[in-house]
Amino acid sequence: AAWFIIILPHICYYLWISSRLFKQSFSVRQKITVPIFAALCLIVMSLFLNRKQINTFIELTGIIGLYLTFIYLPILFIFVLIARKVKQRA
């Protein structure tokens, strides 16, 4: 039960981040999205049956995060630069 005290702030932080992102993207109030995301987290957590599945999920999210950070963001940056140059010329 002591590990929950360590994990809970991280869960709350990520719930807040995801609800804030949803608010910025779709203009939906955070009072609505936080309970929905919390329920989704509980549903997804109940789908894991053993430690191997949890480790596989953690590895998969780590790989996805790595690709987002080092591949997607630089490509997105290049596209934004190109779009700005095209707008300036038009």
Side-chain angles (χ1 to χ4, degrees):
W3 64 269
F4 191 70
I5 295 171
I6 296 169
I7 302 270
L8 185 62
H10 296 290
I11 293 171
C12 293
Y13 183 66
Y14 290 126
L15 282 173
W16 178 78
I17 289 172
S18 61
S19 68
R20 184 79 178 159
L21 178 67
F22 207 80
K23 177 184 176 182
Q24 292 287 330
S25 299
F26 301 108
S27 300
V28 178
R29 291 184 5 208
Q30 284 181 285
K31 287 183 178 182
I32 296 170
T33 56
V34 169
I36 291 172
F37 287 144
L40 284 173
C41 286
L42 286 174
I43 291 169
V44 168
M45 287 188 320
S46 68
L47 296 175
F48 295 124
L49 301 175
N50 55 31
R51 182 67 189 175
K52 186 176 180 182
Q53 290 177 338
I54 295 171
N55 286 341
T56 303
F57 178 72
I58 290 171
E59 289 175 13
L60 180 66
T61 55
I63 291 170
I64 290 171
L66 182 73
Y67 285 133
L68 282 175
T69 302
F70 292 109
I71 295 174
Y72 175 70
L73 290 179
I75 291 173
L76 185 63
F77 177 71
I78 291 169
F79 283 147
V80 168
L81 286 178
I82 292 170
R84 285 184 184 170
K85 295 233 182 210
V86 169
K87 280 187 179 181
Q88 287 176 354
R89 290 184 182 172

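Quick note: residue numbers are just sequence positions, from 1. Just so you know, these numbers use all the heavy atoms, side chains as well, and skip hydrogens, waters and symmetry mates.
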Listed pairs under 3.5 Å, donor-acceptor, residues 5-22 side chains, sequence neighbours left out:
| unit_1 | atom_1 | unit_2 | atom_2 | d |
| --- | --- | --- | --- | --- |
| Ser18 | OG | Tyr14 | O | 3.1 |
| Ser18 | OG | Leu15 | O | 3.0 |
| Ser19 | OG | Leu15 | O | 3.2 |
| Ser19 | OG | Trp16 | O | 2.9 |
| Ser19 | OG | Gln30 | NE2 | 3.0 |

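- Under a hydrophobic clustering in which Ile, Leu, Val, Met, Phe, Trp and Tyr are joined whenever their side-chain heavy atoms come within less than 4.5 Å, directly or via other members, Leu40 and Ile32 fall into the same cluster.
- By the 4.5 Å heavy-atom criterion applied to side chains, Lys85 and Leu81 are not counted as neighbours.
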Indicate every side-chain donor-acceptor pair of residues 61-70 with a distance under 3.5 Å to a residue at least two apart or in another chain.
| unit_1 | atom_1 | unit_2 | atom_2 | d |
| --- | --- | --- | --- | --- |
| Thr61 | OG1 | Phe57 | O | 3.1 |
| Thr61 | OG1 | Ile58 | O | 2.9 |
| Thr69 | OG1 | Gly65 | O | 2.8 |

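- Within a 6.0 Å sphere centred on CZ of Phe48, heavy atoms belonging to other residues, nucleotides or ligands number more than 12.
- If you chain together ILVMFWY residues whose side-chain heavy atoms come under 4.5 Å of each other, Leu49 ends up in a group of its own.
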